[in-house]
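Okay, structure first, notes after.
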2 protein chains.
Amino acid sequence: MGTASKRVTINDVARTVGVSRQTVSRALNDKGEIDVGTKQRVLDAARELGYRPSRFARGLVRQDTTTIGLVIPDLLNPFFTEVAAGALEAARARGWHVIVYDTAGSADEERGTLEVVVSQVDAVVGYFSLAEADLDAHLSGMPAVLIGREHQTPRFSSIRVEGAAGVREAVDHLVSKGHREIGMLDHAGRSEPSIRRAWFTDAMNAHGLAADAVGNALQSVDGGTEALTGLLTEHPELTAVFTFNDIIAIGALRAARRLGRVVPDDLAVVGFDGLQLGTVVDPALTSVALDTRRVGALAIEQAGRLLTGSTPLPSEELLVNAVLLVRESA
Amino acid sequence: MGTASKRVTINDVARTVGVSRQTVSRALNDKGEIDVGTKQRVLDAARELGYRPSRFARGLVRQDTTTIGLVIPDLLNPFFTEVAAGALEAARARGWHVIVYDTAGSADEERGTLEVVVSQVDAVVGYFSLAEADLDAHLSGMPAVLIGREHQTPRFSSIRVEGAAGVREAVDHLVSKGHREIGMLDHAGRSEPSIRRAWFTDAMNAHGLAADAVGNALQSVDGGTEALTGLLTEHPELTAVFTFNDIIAIGALRAARRLGRVVPDDLAVVGFDGLQLGTVVDPALTSVALDTRRVGALAIEQAGRLLTGSTPLPSEELLVNAVLLVRESA
DNA sequence: GAGGTGTCCGTGAACGTTCACGGGAGCGTT
DNA sequence: AACGCTCCCGTGAACGTTCACGGACACCTC
């Protein structure tokens, strides 16, 4: 008995019970127009046979199941995890499903992922490194929402982070505590300086301070440690430092301790992102926090709108403001 | 032009090009038996019309796409994230897709999730809190692999963690450094003590030491901080402490610092899990490490075997050994 | 010029489910 | 006795794609 393979279909169930497919369908989907007795018999038989409806056949006839692809560079990076959690939550609230793809930060992997994504989901959301033309070529018209990066063509939507005010808050906070020599650890990835650095420069200038003590850090804890060590040898006068993100800031924290600088008394540290991770280090990280959950949620929301053809959210609403979150490190 | 809705099908493409569906299908799937010229014309038309094949129709006829559900209690917990990353990687290597469900640690959410999972994936893998009978009732025969928990009935498979040797290593390490008064922070969740505590007790007894200085910590950083503070007031003689997991250990690290105990000199701390997170704290956490990636990968592998009907891996191979990972805290 | 060999293309069928419709049985009303 | 209503159930059709065939045409071979 029970040799192997060959899927159990709705017809098999119907046959063993002695009714039609439609009756089985009615029983399984809780529709009316069915006798309670037969319904029970159908349910029992279905269980007995180990019948599970084909999601393909079902999806083909009813158009209601939507699946969204979430593309992130690295699941082990807590920043992306927080965004992912927000996206998952928002999707669940709508009854949607999320397939997660980790591109490992590689452009090739990303291309390969897109190739696959196209045939598996209804819309895609996430962090991409490819140029828009390249993306468009691989996506063949599928709705896509870019996160953490501004879209250039109307082909795409994007969730943007507005941090000028938050960074301004941070600098204000530092200045009000008497800091004048404030440095920054920018990221070392791209060739041009980041927008966050521009925000920092503006905030500093508003106080009549120069923002010229800037180091570059690789996007890792070790990168932050190394970069701050370098920056402090070059600029020993610094009493505070603002970093591109929390990961780098945590590395900076470690460097400070190793150099014998007590945080926040000898050196204040302010990160960016406001990750929960910042609460596990000691002292807890002060940071320009953005609502990562909301980032993920907005992306899902917009993907849904693009999907259903309803009016998409305007650019102004696809914005997440960052605000200063004072903990212990500054 | 371009009113709305109504999906573009393969027939639409065929009609505009003036060929049959089959020819379109050939072009799109890189099959032979097609003229390069027509192939190009088909491809162009498909792009022009924004045609994307229906994954449902395609999945219905070819049985090759497999999707696996990954159920985890909390995506923000780095432990689950690491396992998830391992699962994703293993799935990608096989060309499978992973739908992630976050149950938020609630049993009700878990039931609801299962309800949905059944109709969306081919097999399910993850951390469940429900009893096996309850799970079975919701899964209607779908292959399932339990992680971090031993299966009771042959209906399920499970990935187990073998940590006796690793904990023994940890205690050996501590004893060799002169520690005699070693406490433990168990978790406060379940009613009965954990297996990890039993491992600890055995290891201690092997050295002729008693394992009676045990506190209970909630599974959070704060829980660890609180619990260690309590344990140390009750047992000030302790010079080392082993914790249920790394999260609790990190909390313990913070408590130690606040109490003026220098780690590892005044108090050695050993965690469990070996999370990457342990490297961002200072001092870096020594831990009984398990290969979280492998946990996820094994789960996927076993799910695949159950799915294809090939011989499933025996219990002995579904085992992940934990080994001592010495960093700085002990 | 009959036969053979490629190359390219089209037609029915099938995948497994739900939807729209129709119909019989039973009961009550007029 | 005819009609209507409710309750239950079944039958074709449709969803959009791929698979297994078969066939037209051109070219070459002897």
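For the numbers below, each heavy atom of this structure counts, side chains included, while hydrogens, waters and symmetry mates do not.
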Would you say the side chains of Ser157(A) and Gln302(A) form a donor-acceptor pair under 3.5 Å? yes

Which pairs count as salt bridge (Lys or Arg N to Asp or Glu O under 4.0 Å) when at least one residue sits in residues 41-54 of chain A, sequence neighbours excluded? none

Ignoring hydrogens and angles, state whether a donor on the side chain of His151(A) or Ser158(A) is under 3.5 Å from an acceptor on the partner side chain. yes

Contacts of Asp122(A) meeting side-chain hydrogen bond (donor to acceptor under 3.5 Å, both in side chains) (sequence neighbours excluded), chain-then-number -> Arg55(B)

My understanding is that only residues two or more places apart in sequence, or in another chain, count here; which of them pass side-chain hydrogen bond (donor to acceptor under 3.5 Å, both in side chains) with Asp74(A)? none

Counting only non-hydrogen atoms, which of residues 50-66 of chain A are less than 4.0 Å from DNA chain D? Leu60(A), Val61(A)

Its 5'-most and 3'-most nucleotides having an atom under 4.0 Å from a non-hydrogen atom of chain A, DNA chain D is contacted over dC8(D) to dG16(D)

Which residues share a ring-ring contact (aromatic ring centres under 6.0 Å, His included) with Phe128(A), sequence neighbours left out: none

Residues two or more places apart in sequence or in another chain: which of them pass side-chain hydrogen bond (donor to acceptor under 3.5 Å, both in side chains) with Asn11(A)? none

Under a 4.0 Å threshold between the charged nitrogen and the carboxylate oxygen, would Arg305(B) count as salt-bridged to Glu301(B)? yes

Under a 4.0 Å heavy-atom cutoff, the residues of residues 20-43 of chain A touching DNA chain C are Arg21(A), Gln22(A), Ser25(A), Asn29(A), Lys31(A)

Got a salt bridge between Arg155(A) and Glu132(A), using NZ or NE/NH1/NH2 to carboxylate O under 4.0 Å? no

For Thr23(A), enumerate each residue passing the side-chain hydrogen bond (donor to acceptor under 3.5 Å, both in side chains) test, keeping only those at least two apart in sequence or located in another chain. Ser20(A)

Bend angle of the helix from dG1(C)-dC30(D) to dT30(C)-dA1(D), end axes from five pairs each (to 10°): 60°

List the residues meeting side-chain contact (heavy atoms from CB on, under 4.5 Å) with Asp291(A), not counting sequence neighbours, and say none if there are none. Arg293(A), Arg294(A), Val320(A)

Salt bridge (Lys or Arg N to Asp or Glu O under 4.0 Å) contacts in which one or both residues fall within residues 13-23 of chain A, not counting sequence neighbours: Asp12(A)-Arg15(A)

